[in-house]
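Below you'll find the structure, written out as structure tokens, and then a few comments.
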Amino acid sequence: MIVVYGIKEHLNPVKAQLSEVIHECMQAVLGMPEDKRAHRFIPMDAEDFYYPGGRTPAYTVIEVNMMQGRAPDTQKSSDQGAFQ
């Protein structure tokens, strides 16, 4: 899952383009399928978003949360149980 935080006036206009770029990177590096896009955008009010000094209000945080996938035996067991 990808979570993107930023000040809403700067984040909202670029959400679609940013989602495309992030997903293209995930496909290229991790082999993610096209239909596995899991992005959450959190547009924030300026008073709720603290960022490091020397940055502009367009400062954006991209959080990448990764989990190890299920083992093949677990997948097979789980899939069989769903159709019984």
Evaluate whether atom CD of Glu47 has more than 12 neighbouring non-hydrogen atoms of other residues, nucleotides or ligands under 6.0 angstrom away. yes
Calculate, to the nearest 0.5 Å, the distance between atoms [atom1] and [atom2] belonging to [X] and [Y] respectively.
{"X": "Arg40", "Y": "Glu63", "atom1": "CZ", "atom2": "CD", "result": "12.5 Å"}
{"X": "Tyr5", "Y": "Met44", "atom1": "OH", "atom2": "CE", "result": "8.0 Å"}
{"X": "Ile2", "Y": "Leu18", "atom1": "CD1", "atom2": "CG", "result": "10.0 Å"}

Is [Y] reachable from [X] through a run of I, L, V, M, F, W or Y residues, each pair having side-chain heavy atoms under 4.5 Å apart?
{"X": "Leu11", "Y": "Met1", "value": "no"}
{"X": "Val3", "Y": "Ile7", "value": "yes"}
{"X": "Leu30", "Y": "Ile62", "value": "yes"}
{"X": "Ile42", "Y": "Val61", "value": "yes"}

Show me the pairs that pass ring pair (Phe, Tyr, Trp, His ring centres under 6.0 Å) and involve residues 19-40, at least two apart or across chains. His23-His39
Got Val14 and Thr60 here, is their nearest side-chain heavy-atom distance under 4.5 Å? no
Flag side-chain contact, heavy atom, 4.5 Å: His10 against Thr56: no
Tell me the salt bridge (Lys or Arg N to Asp or Glu O under 4.0 Å) pairs involving residues 4-30, sequence neighbours left out? Lys8-Asp45, Glu20-Arg37
Evaluate the ring planes of Tyr59 and Phe49, with Trp represented by its six-membered ring, and classify them as parallel (under 30°), tilted (30 to 60°) or perpendicular (over 60°). tilted
For Val64 and Ile22, run side-chain contact (heavy atoms from CB on, under 4.5 Å): C-alpha distance rounded to whole Å, both residues' side-chain angles, the deciding distance at 0.1 Å, then the answer. CA-CA 10 Å; Val64 179; Ile22 290 169; over 6 Å; no
